[in-house]
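From a predicted model like this one, the values you see are computed outputs, not experimental measurements.
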Amino acid sequence: MPSVADLIEYYICRGSNLESVSDSPYYLGLNYIGHDASASLVKNGQLVASAPEERFSRQKKDRSFPENAIEFCLSYEGIELGDIDAITYYMDPEAHFRGRVVDHLGKYYPESVPLFDSMLERAQKVNNVEDEIRSRLGFRGEIYFCTHHLAHIASSYYPSGFDSAAAISMDGLGEIASTVVAEVDEDGISVLKEIEFPHSLGMLYNAVTHYLGFNGTTDAGKVMGLSSYGDPSRYIDDFRDIVRFTDNGGYEFDLEYFAYPFERSTWVSERFVDRFGPMREEGATITQRHEDVAAALQKRVEEAYFHLAEWVQQETGQDTLCLAGGVALNSVANGRLVKSGLFKDVYIPPTAGDDGTSVGGALYYHHCVEENQNRGTLSPYMGPEYSDDEVQDALDKLNLNYHHSDDVFAETAEYVANGNIVGWFQGRMEMGPRALGNRSIIGDPRDPSVKDVINSSVKFREPFRPFAPSILEDAVDEWFDHDDPSPYMILVYDVLQENREEIPGVTHVDGTGRLQTVSETDNRRYYRLIEEFEKRTGVPIVVNTSFNIKGEPIVNTPMDAIRCFLGSGLDYLVMNEYVLDKQDL
């Protein structure tokens with residue numbers, strides 16, 4: 001325990017960010033400059049608050065300094081910067097400069113010349129991170145730089161509950177590595193293999209996404225959905241020629257097919273176009289060729305998943321696996337890996353992408369730098385929440401008609417069972433890219449038109465995009481071919497053949513669903529809503545998609561929700577216990 005003199009010194013210096021003597025240290029994790037800027041607060045090994053900056057700024061994939069997310073984390077816990085023991089950042093500036101500027105530019109000279117200015121500018125920004133944090137926040141404590149993939153692995157392993165595990169982090173790139181394979185236990189993270197950019201599964205997916213007429217950095221999920229419409233056999237041998245596996249679990253690309261290592265305007269080279277046909281222009285009709293290219297891409301990525309997973313399982317003998325990195329958001333590949341039985345258990349955090357590196361950096365510091373052994377659990381509901389008074393104030397400011405529900409679960413379930421689309425706004429906002437029942441749009445899975453209605457008049461997005469089934473956890477094996485929990489909507493399973501006609505609204509064209517299992521322990525209010533829907537329909541499932549429209553982040557505040565409700569085809573908005581009916585406005 002600290003002495004009286006220590007405590008006096010602490011409280012005198014608290015506002016000056018000097019070293020805390022608290023028995024429950026706080027670590028603030030940050031990610032910015034790269035996409036999905038975020039802030040996360042860890043208290044004595046337990047994540048207590050986390051949010052991406054985009055939810056506050058309303059700029060999708062925001063890269064800016066996460067001042068709003070930082071303010072939220074501190075205010076939610078009721079602390080000040082002086083209570084923070086250390087700040088972590090998700091990138092090592094020295095390794096970043098050496099990897100991207102010195103090694104990459106030198107290795108690929110003179111082709112790399114067009115990249116020099118942009119890479120040097122980014123490296124300078126990363127090198128200035130410490131000065132920026134200190135000047136913006138007035139922070140005088142320790143700032144720790146955690147390497148990118150170790151932050152990803154920490155974000156998955158430490159909340160997993162596994163004593164030890166194999167771990168794979170797959171991304172576009174970190175400092176320079178695109179994939180890191182490791183073994184993890186209570187003594188730390190032992191790296192077994194690194195695969196360096198430009199040989200990158202994340203960049204491969206981004207490049208083909210751009211080739212198919214979508215945004216190469218934000219729309220990989222669209223291509224994953226599109227892949228289910230195609231026949232992989234048409235182009236799979238081509239992708240196997242381009243992405244070759246090595247004997248030790250690795251992979252390497254034929255780089256002559258890609259432009260992304262040196263410029264990002266086209267992503268793929270003329271040789272790629274010669275082999276697969278003309279690039280699709282944005283907004284142009286999607287043809288069978290496009291669908292088949294997407295299907296072959298997805299299949300080759302899945303093969304790479306298994307190639308890496310089989311190698312690390314043989315190398316380590318571990319029967320549990322932790323996955324992270326942007327590629328680990330590929331729920332189709334995840335589902336097939338889980339169902340394969342290669343590992344007894346697989347854990348993937350809800351923030352597998354770069355927004356999770358702020359979580360992982362803080363957890364890495366707690367466990368691997370400070371060598372603390374206590375491990376916390378993880379809930380995806382780590383964002384802001386809003387009281388009834390705050391919701392009512394937002395409604396009254398706009399002079400909207402609304403009513404207070406006596407039973408919001410039964411009332412909402414009745415609306416959904418009658419074919420209405422409902423914006424559902426409850427509790428703490430979710431982390432990660434997928435709504436998990438607190439900032440969700442809800443529909444009836446029995447309605448065969450629900451996908452078209454939500455895509456066309458609510459979300460304003462492509463008609464081939466599927467929606468997720470949120471299902472009561474204890475009913476999974478009655479509706480799907482696998483019953484492992486999937487609380488973070490990050491696994492795709494097959495809908496049982498006999499159920500597909502009953503729930504067409506959540507059954508994708510290939511007979512699958514990217515399900516979210518809902519337990520009463522994890523999310524009581526959402527569980528009760530689905531339970532009430534089952535009472536009326538006999539189906540323990542609702543359609544769940546994120547509460548936003550195309551091009552915007554998921555809603556955060558009551559005003560965000562109201563704005564989305566008024567500007568879309570939603571029929572009802574339910575915020576806490578308050579209900580708005582579009583017909584009453």
Side-chain angles (χ1 to χ4, degrees), residues 34-35 90-92 95-96 98-100 103-104 107 146-157 165-184 189-209 217 220 224 239-240 242-255 258 260-261 297-316 318 321-334 336-337 342-343 346-349 351-354 356-357 360 364 490:
H35 58 82
Y90 83 124
M91 192 78 70
D92 180 331
H96 179 274
R98 185 178 64 251
R100 297 200 190 183
D103 294 344
H104 179 70
K107 183 177 181 179
C146 181
T147 59
H148 185 84
H149 287 283
L150 291 184
H152 272 312
I153 290 171
S155 76
S156 182
Y157 169 63
I168 305 174
S169 172
M170 298 175 285
D171 217 337
L173 78 161
E175 288 78 4
I176 195 61
S178 64
T179 296
V180 170
V181 184
E183 186 170 16
V184 287
I189 302 171
S190 300
V191 173
L192 305 175
K193 175 190 295 297
E194 292 188 359
I195 300 171
E196 290 192 352
F197 175 86
H199 306 281
S200 165
L201 294 176
M203 288 298 185
L204 169 70
Y205 223 100
N206 291 349
V208 180
T209 295
T217 57
M224 184 179 68
F239 274 98
R240 287 171 179 159
I242 294 169
V243 182
R244 300 182 293 264
F245 295 163
T246 59
D247 292 338
N248 59 351
Y251 59 85
E252 58 185 18
F253 294 176
D254 185 339
L255 295 175
F258 302 103
Y260 70 78
L297 166 70
Q298 176 64 31
K299 184 175 179 64
R300 192 54 174 161
V301 168
E302 291 171 16
E303 290 174 347
Y305 254 61
F306 278 89
H307 182 63
L308 283 162
E310 288 168 355
W311 179 83
V312 73
Q313 198 281 327
Q314 293 171 3
E315 187 75 8
T316 65
Q318 294 287 345
L321 175 68
C322 294
L323 287 176
V327 180
L329 290 170
N330 192 305
S331 51
V332 175
N334 294 339
R336 288 176 179 161
L337 181 60
L342 181 62
F343 290 89
V346 177
Y347 181 81
I348 310 163
T351 50
D354 274 8
T357 56
Y364 182 90
I490 211 162

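- Pairs engaging residues 243-254 under the salt bridge (charged side-chain N to carboxylate O under 4.0 Å, His left out) rule: none recorded [sequence neighbours left out].
- His148 meets the ring-ring contact (aromatic ring centres under 6.0 Å, His included) test with Tyr90, His152; sequence neighbours excluded.
- Counted by atom type alone, Asn248 and Glu315 present zero donor-acceptor pairs between their side chains at under 3.5 Å.
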What verdict does the side-chain contact (heavy atoms from CB on, under 4.5 Å) test give for Thr147 and Val180, after you've listed the backbone C-alpha separation in whole Å, the side-chain angles of each residue and the deciding distance to 0.1 Å? CA-CA 11 Å; Thr147 59; Val180 170; over 6 Å; no

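- Interatomic distance, CG of Asp354 versus CG of Asp171, reported as 5.0 Å (0.5 Å rounding).
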Between Asn330 and Glu302, is the side chain to side chain donor-acceptor pair (under 3.5 Å) condition met? List the steps. CA-CA 9 Å; Asn330 192 305; Glu302 291 171 16; over 6 Å; no

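- Residues Phe343 and Val312 are in side-chain contact: their nearest non-hydrogen atoms beyond the backbone lie under 4.5 Å apart.
- Glu310 and Gln314 share no side-chain donor-acceptor pair at under 3.5 Å.
- Under the ring-ring contact (aromatic ring centres under 6.0 Å, His included) criterion, Phe197 pairs with His104, Tyr260, sequence neighbours left out.
- To the nearest 0.5 Å, the span separating OG on Ser156 from CG on Leu321 amounts to 7.5 Å.
- Residues Phe239 and Val301 are not in side-chain contact: their nearest non-hydrogen atoms beyond the backbone lie 4.5 Å or more apart.
- For the pair Trp311 and Ile168, the minimum side-chain heavy-atom distance is 4.5 Å or more.
- In this structure, the side chains of Tyr251 and Leu308 come closer than 4.5 Å at one or more pairs of heavy atoms.
- Interatomic distance, Thr246 OG1 to Lys193 NZ, rounded to the nearest 0.5 Å: 5.5 Å.
- Residues Ile189 and Tyr157 have side chains not in contact (no heavy-atom distance under 4.5 Å, counting atoms from C-beta outward).
- Listed for the Arg100 side chain is a donor-acceptor partner under 3.5 Å among the backbone atoms of Gly174.
- Legend: residues meeting ring-ring contact (aromatic ring centres under 6.0 Å, His included) with Tyr364, ordered by chain and number and at least two apart, are absent.
- Looking at Met203 and Pro198, their side chains never come closer than 4.5 Å, going by heavy atoms from C-beta outward.
- Here Arg300 pairs with Glu303 in a salt bridge; the nearest charged N to carboxylate O distance falls below 4.0 Å.
- Contact between Gln313 and Leu342 at its shortest, heavy atoms only, is CG-O, 4.1 Å.
- Proximity of a side-chain donor or acceptor of Ser200 to a complementary backbone N or O of Gly172 within less than 3.5 Å is detected.
- A side-chain donor-acceptor contact under 3.5 Å links Ser178 to the backbone of Ile195.
- Looking at Gln298 and Tyr205, their side chains come closer than 4.5 Å, going by heavy atoms from C-beta outward.
- With a 4.5 Å cut-off on side-chain heavy atoms, Leu150 and Val191 count as touching.
- Taking Phe306 as the reference, nothing meets the ring-ring contact (aromatic ring centres under 6.0 Å, His included) condition, with sequence neighbours excluded.
- Of all heavy-atom pairs between Glu175 and Asp92, the closest is OE2-N, 2.9 Å.
- To the nearest 0.5 Å, the span separating OG1 on Thr316 from CG on Leu192 amounts to 7.5 Å.
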Using residues 322-329 as the side-chain source, report each donor-acceptor pair under 3.5 Å to any protein atom, sequence neighbours left out, with the distance given to one decimal.
none

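- Not one N or O on the side chain of His199 forms a donor-acceptor pair closer than 3.5 Å with the backbone of Thr179.
- Contact record, Ala352 with Ile348: CB-CG2, 4.1 Å, taken as the closest heavy-atom pair.
- Between Phe258 atom CZ and Ile242 atom CD1 the span is 5.5 Å, to the nearest 0.5 Å.
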